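Contents: one structure, followed by commentary.
Fair warning: this is a prediction, and the values are worked out from it, not measured in the lab. Note: hydrogens, waters and symmetry copies are ignored here, and every other heavy atom, side chains too, is used.
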Amino acid sequence: MKLAFILLIATVSSELDINLPADLLSDLVERSEDNELAYSLAEGEEEEEPYKYVINYEGTIDDFSGINASYGKCGKEIEQLDVSKMKAPHQIRLSYTGKATEMAITWTTNDTTEHEQVNYGLMMTELNYTSTSISHQYKWRFNETSKEWYYTSGFIHEALMINLIPGRIHYYQIESNGMKSEIIKFVAAPEEGSDIPVSFLHVGDVGTFGTSVMVTNDMMKRMEVKQFHGMIHCGDISYANKYDGERPMDAKNKTFAEQKVWDTWGQMVEPVGSKMAYMAVPGNHELDIWDSTNENGTIYAKRFIMPGNERYFSFAVGMVHFVAVSTDESIDAESTQGQWFKNILTEVNENRDKWPWLVVFQHRPIYNSNNIHKNWEGREGGTSSRYNNPEIIGWIDNYPTLIVEQNVDLVLNGHVHHYERTWPMKNTTTWEESYDNVKYPVHLTCGQAGKSLYMKYAYYKKENDSTLYDSYHKSDPGWSAARDNSHWGHCELDFIDSTTVEHRVYQMGDTEHVEKIKITRSKDRWSAAASLSISSTLLILTLSILTWHDNEHDEYAHSSSLIV
């Protein structure tokens with residue numbers, strides 16, 4: 001009998017540090033009692049012609065259904081992949097673990113054998129290292145009428161490539177389900193603290209629409225002429241929960257939850273994610289109970305390998321330290337995420353000589369000039385994000401204060417389906433209209449990577465009367481340096497050295513950037529931050545020791561006096 005889980009063993013090491021979810025199956029995701037989830041042929045059934053799934057990356061707007069650029073409509077989703085027929089390794093995607101000598105990898109097949117592994121090395125002809133995979137499946141929603149599951153996933157395989165040489169190009173080939181992938185190359189993360197230039201793509205709000213395919217193709221073409229270290233995806237990944245008129249309805253639950261879209265998206269981005277680390281943070285369509293059709297992060301966790309708890313985490317790539325936060329969770333000083341966030345920012349600031357660049361990425365922006373969605377404050381439209389209590393708190397006060405105090409350089413966002421770049425800003429009343437020697441964070445929203453654009457919105461002047469206005473209607477704050485709600489596209493970042501980063505914007509279908517901004521910072525800024533952070537730590541430690549010493553000689557001292 002084929003098992004749904006296979007132990008992960010690495011030939012090159014007995015100690016693997018990969019972080020996998022402890023609870024692999026939730027109440028909404030179940031296995032059959034015998035664990036037999038594999039697709040197999042019935043007795044006497046003949047095998048059909050090999051299944052082929054092709055994505056038209058070179059297509060134009062005219063080749064996809066329903067796209068209307070004049071109104072920012074992304075059109076219908078592309079044909080959905082049937083994972084039950086995909087025998088060969090597909091949906092291949094890499095991710096960083098937080099160590100420059102490691103790279104995690106995930107892929108999918110419709111069955112498993114006893115031989116599931118990835119072979120890798122420094123030369124195409126010498127793939128001398130081998131790591132075997134953990135493999136699992138899940139089922140989604142049981143139909144009481146048909147007595148069948150609405151969806152059964154393929155086998156999702158997860159493995160870890162270790163003993164990589166930081167900054168070097170490596171090659172790998174997957175052997176899985178009796179088949180082999182092509183040999184693919186990637187570059188390992190530069191060693192922490194190195195001065196090697198670092199390049200990243202960043203997007204948000206992608207989906208599986210014709211515009212999503214076209215933006216992905218633009219990034220593929222950029223990869224042909226430039227070596228990138230990774231991708232930052234700022235949430236709202238596949239839109240598997242959204243209904244576009246083509247998906248069947250789950251009558252029992254009165255919801256539209258088409259898990260095939262996850263497979264389609266995974267295959268669509270494979271040309272990008274298989275060649276560089278694809279680092280994603282969940283958005284409201286992965287986490288929010290209302291928006292995610294009760295997925296509540298379950299499927300995101302099953303399909304991605306991220307560091308930490310996978311919702312908020314950090315990792316370093318050379319001179320850059322990235323910190324991901326979850327905007328659908330509280331980040332106040334008392335919350336788990338809030339405490340973690342302050343600790344990781346403090347740790348980075350104590351080592352700014354190693355990581356001169358500090359970048360936070362998330363889904364919802366706290367500063368946004370588009371009338372569709374306001375500044376993220378933990379709620380929208382007067383209600384909680386999750387449509388129930390407790391409120392998501394800390395985004396109005398604690399978070400904005402921390403990113404300024406801790407000298408965050410860039411904040412990358414999605415959620416709002418447009419492009420926006422702010423001036424270096426402390427808050428909505430204090431900013432500087434220059435990118436030379438910046439001392440406040442610059443906020444970049446790149447949410448125009450595939451979903452319908454936020455070009456028009458209904459402004460209700462009085463009852464039964466609505467008018468469509470441009471989404472920037474009567475919204476022109478001074479802190480917004482540039483914005484565009486009329487074009488799909490993607491963004492790029494080049495960290496050139498410890499004081500200079502270049503930001504570029506590419507519109508869909510264009511081979512040349514439409515915007516290039518150079519941002520510089522003074523070394524004095526992060527040197528001062530590091531000194532202040534260390535001084536604060538020493539002060540707290542000194543006060544703690546003195547308080548402890550006094551209490552040792554006071555038999556009536558309260559234990560709470562030890563807390564400083």
Side-chain angles (χ1 to χ4, degrees), residues 6 8-13 16-18 50 52-55 57-58 86-97 99-109 112-135 155-191 194 196-201 216-217 219-231 266-279 305 317-318:
I6 300 174
L8 174 63
I9 303 171
T11 303
V12 294
S13 174
L16 294 181
D17 203 18
I18 193 168
K52 293 182 180 180
Y53 180 76
V54 179
I55 296 176
Y57 289 107
E58 295 294 338
M86 289 287 281
K87 183 178 181 180
H90 64 288
Q91 300 183 55
I92 303 169
R93 195 168 58 252
L94 303 172
S95 57
Y96 289 128
T97 68
K99 294 183 178 180
T101 57
E102 296 179 348
M103 184 73 79
I105 182 170
T106 180
W107 69 91
T108 303
T109 58
T112 60
T113 65
E114 295 181 358
H115 191 66
E116 304 289 337
Q117 65 185 45
V118 56
N119 305 313
Y120 59 100
L122 290 170
M123 299 177 62
M124 292 183 66
T125 55
E126 296 183 14
L127 306 180
N128 297 327
Y129 292 90
T130 295
S131 179
T132 59
S133 72
I134 289 176
S135 306
F155 279 90
I156 301 171
H157 309 271
E158 300 175 341
L160 184 66
M161 293 182 280
I162 63 176
N163 289 353
L164 306 180
I165 299 179
R168 289 282 300 275
I169 289 176
H170 294 71
Y171 298 86
Y172 71 90
Q173 183 177 47
I174 296 169
E175 291 186 53
S176 182
N177 200 23
M179 303 189 73
K180 293 183 179 181
S181 71
E182 63 178 343
I183 297 176
I184 307 172
K185 74 173 182 178
F186 68 92
V187 61
E191 191 169 4
S194 71
I196 297 174
V198 172
S199 298
F200 268 77
L201 299 159
T216 301
N217 186 49
M219 293 187 288
M220 291 161 55
K221 289 182 177 178
R222 290 289 298 144
M223 291 166 62
E224 293 175 0
V225 298
K226 182 176 178 61
Q227 178 69 64
F228 291 92
H229 292 90
M231 157 71 82
Q267 188 60 19
M268 183 191 76
V269 301
E270 182 187 87
V272 176
S274 63
K275 298 178 178 66
M276 67 175 72
Y278 200 108
M279 307 304 291
I305 310 174
V317 181

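- Using a distance-only test at 3.5 Å, with no hydrogens or angles considered, no donor-acceptor pair links the side chain of S181 to the main chain of P89.
- Judged purely by atom type and a 3.5 angstrom limit, H170 uses its side chain to pair as donor or acceptor with the backbone of I165.
- Taking the ring-ring contact (aromatic ring centres under 6.0 Å, His included) definition, one finds that Y278 meets it with H233, W265, sequence neighbours left out.
- The environment of K185 atom NZ is sparse: at most 12 non-hydrogen atoms of other residues, nucleotides or ligands sit within 6.0 angstrom.
- Rounding to the nearest 0.5 angstrom, the gap separating the OG1 atom in T109 from the CE atom in M86 is 10.0 Å.
- Contact check for Y120 versus L164: side-chain heavy atoms found under the 4.5 Å cut-off.
- Within the 4.5 Å cutoff, no side-chain heavy atoms of Q173 are placed close to those of Y171.
- P197 is linked by a side-chain contact (heavy atoms from CB on, under 4.5 Å) to nothing, counting only residues two or more places apart in sequence or in another chain.
- The structure places CG of L127 at 10.0 Å from CG of L122, a figure rounded to the nearest 0.5 Å.
- For the residue pair A159 and V118, the shortest heavy atom distance occurs at CB-CG1, 4.1 Å.
- Shown here is Q117, whose CD atom has more than 12 heavy atoms of other residues, nucleotides or ligands within 6.0 Å.
- In this structure, I105 and F186 have side chains that are not in contact, with every pair of non-hydrogen atoms separated by 4.5 Å or more.
- Note: M220 CE to Y57 OH = 5.5 Å, rounded to the nearest 0.5 Å.
- For the atom pair CG of N119 and OG1 of T130, the computed distance is 4.0 Å after rounding to the nearest 0.5 Å.
- Between the CD atom of E158 and the CD1 atom of I134 there is a distance of 6.5 Å, given to the nearest 0.5 Å.
- A heavy-atom distance below 4.5 Å is found between the side chains of L160 and E102.
- Side chain of T97 to backbone of A104: no donor-acceptor contact under 3.5 angstrom is found.
- Under the 4.5 Å side-chain criterion, counting only non-hydrogen atoms from C-beta, K99 is not in contact with I162.
- Annotation: the span from Q267 atom CD to T108 atom OG1 amounts to 9.0 Å, rounded to 0.5 Å.
- With contacts defined as side-chain heavy-atom distances shorter than 4.5 Å, the pair M103/Y96 qualifies.
- Within the 3.5 Å criterion, the main-chain N or O of S135 finds no donor-acceptor partner in the side chain of S133.
- Summarising the geometry of T113 relative to G178, their closest heavy-atom pair is CG2-N, 3.9 Å, with the distance given to 0.1 Å.
- Of the N and O atoms on the side chains of S199 and H229, not one donor lies less than 3.5 Å from an acceptor on the other residue.
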Which donor-acceptor pairs under 3.5 Å do the side chains of residues 268-276 make with protein atoms, sequence neighbours left out?
{"from": "E270", "atom 1": "OE2", "to": "Q91", "atom 2": "N", "distance (Å)": "2.9"}
{"from": "E270", "atom 1": "OE2", "to": "I92", "atom 2": "N", "distance (Å)": "3.1"}
{"from": "S274", "atom 1": "OG", "to": "E270", "atom 2": "O", "distance (Å)": "2.6"}
{"from": "K275", "atom 1": "NZ", "to": "P271", "atom 2": "O", "distance (Å)": "3.4"}

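- Side-chain contact between E116 and T132 is absent, with no heavy-atom pair separated by less than 4.5 Å.
- The side-chain heavy atoms of S176 and F155, taken from C-beta on, include no pair separated by under 4.5 Å.
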